[in-house]
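Read through the structure below, which is laid out as structure tokens, and then see the notes.
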There are 2 protein chains.
Amino acid sequence: MGLSKSDFFSEEQNELAAMLKALGHPARVAIMQFLVKQSSCICGDIVDVIPLAQPTISQHLKELKAVGLIQGTISGNAICYCVNPDKINFLQAAIGEFIPLNQACDPNSSCC
Amino acid sequence: MGLSKSDFFSEEQNELAAMLKALGHPARVAIMQFLVKQSSCICGDIVDVIPLAQPTISQHLKELKAVGLIQGTISGNAICYCVNPDKINFLQAAIGEFIPLNQACDPNSSCC
DNA sequence: ATTCTTTATCGTAATATTGCAATATACAAA
DNA sequence: TTTGTATATTGCAATATTACGATAAAGAAT
């Protein structure tokens with residue numbers, strides 16, 4: 001159906017999935033990397049760095065903003081985007097929970 | 001177009017995005033959480049835990065397997081899935097790089 | 001006021017994803 | 001060999017995503 005049965009899953013599962021999904025596109029990964037590299041939020045030149053049309057970039061930024069991974073504030077003419085470290089920390093911790101602490105069989109064993 | 005211009009982006013960007021995308025669905029998040037909770041790869045009962053039809057679960061497992069996040073080995077009749085900690089570690093490190101080290105403006109400043 | 005610059009929105013075509021019923025495959029058990 | 005159990009594949013309908021041209025909106029600069 002193309003629609004996930006998000007009603008069943010928990011709030012946490014849905015939010016985590018939404019954030020991961022937002023990052024699950026090379027253009028958005030590239031945007032994040034660029035913003036971090038700037039180490040400041042003097043922005044507006046993302047379009048020059050990524051070979052996608054301006055409306056497309058705007059759309060990708062919107063998606064990253066929607067899940068809180070980046071923030072944008074109006075600065076006169078331009079808009080100033082920067083990464084929200086809190087969300088990244090949350091993501092990193094959530095991913096860390098996917099590491100099995102005491103996995104009974106290691107990936108090289110006969111089982112896995 | 002629905003097709004990302006993945007030719008432009010680097011191998012790393014594409015691979016990272018693919019892994020994040022694979023996790024970007026609540027059902028697949030739930031599968032990962034279940035596999036980790038098992039702390040062993042005695043599997044086969046994922047279908048009982050997640051309210052999706054067996055072919056749908058199989059498809060989700062296939063996607064997680066395709067990016068290497070999980071591994072499955074045939075164990076007689078059933079198939080034994082378990083998490084690949086290496087890939088999780090890779091992901092966690094990659095996400096960590098999204099944290100701005102010396103961001104010139106903090107999210108509460110006038111800028112961001 | 002007009003023009004330029006920057007970002008957002010709308011509309012839309014191409015493609016991808018999600019979900020499942022039906023069916024296939026593969027091994028185990030009887 | 002037949003039956004049962006576990007997983008995969010196929011086919012398809014519903015929906016979502018991606019990309020971009022055209023256009024709008026909003027402030028800056030002249």
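Note that the structure is predicted; figures quoted are calculated from it, not measured. All chains are named by letter (A, B, ...) in the order of the sequence lines, taking the proteins before the strands, and each is independently numbered beginning at 1.
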Calculate the interatomic distance between [X] atom [atom1] and [N] atom [atom2]; express it in whole Å.
X	N	atom1	atom2	value
A/L64	C/dT7	CG	P	15 Å
B/I57	D/dT9	CD1	P	15 Å
A/I74	C/dT7	CD1	C1'	10 Å
A/I79	C/dT5	CD1	P	18 Å
B/I50	C/dC20	CD1	C1'	16 Å
A/I46	C/dA8	CD1	P	9 Å

ask   = Parallel, tilted or perpendicular: which fits the ring planes of A/F9 and B/H25, with parallel below 30° and perpendicular above 60°?
value =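 The arrangement is perpendicular - the two ring planes meet at more than 60°.
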Does [X] place a side-chain N or O at less than 4.0 Å from the phosphate oxygens OP1/OP2 of [N]?
X	N	value
B/K65	D/dT7	no
A/K62	D/dT17	no
A/K21	D/dA16	no
B/Y81	D/dA6	no
B/S58	D/dA8	yes
A/H60	D/dT17	no
A/H25	D/dA19	yes

First of B/E63 and B/P55 reached from the 5' end of DNA chain C, by closest nucleotide =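 In this pair, the answer is B/E63.
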request  = May I ask you to verify whether the side chain of B/Q54 and the base of D/dA8 hold a donor-acceptor pair under 3.5 Å?
outcome  =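 Answer is yes: a donor-acceptor pair is held.
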Taking only the side-chain heavy atoms of [X] (C-beta and beyond), determine which of [options] contains the nearest atom.
X	options	answer
A/L52	D/dC20, C/dT7, C/dA22	D/dC20
A/Q59	D/dA19, C/dT7, C/dA21	D/dA19
A/T56	D/dA19, C/dA8, C/dG19	D/dA19

query = Quick one: on DNA chain D, does A/G24 or A/G76 contact a more 5' nucleotide (nearest heavy atom)?
reply =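 Nearer the 5' end of the strand: A/G24.
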query = Side chains of A/Q33 and B/E97: is there a donor and an acceptor less than 3.5 Å apart?
reply =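 No, no side-chain donor-acceptor pair sits under 3.5 Å.
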inquiry  = Nearest 0.5 Å, please: how far is CD1 in A/I88 from CG in A/L23?
reply    =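 CD1 of A/I88 is found 6.5 Å from CG of A/L23.
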Residue pair A/I95 / A/L20: nearest heavy atoms and the distance that separates them =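 The pair with the smallest heavy-atom distance is CD1-CD2, 3.8 Å.
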message = Within the structure provided, determine whether B/I46 and B/L35 are in side-chain contact (heavy-atom separation under 4.5 Å).
response =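 Of all side-chain heavy-atom pairs linking B/L35 with B/I46, at least one is under 4.5 Å.
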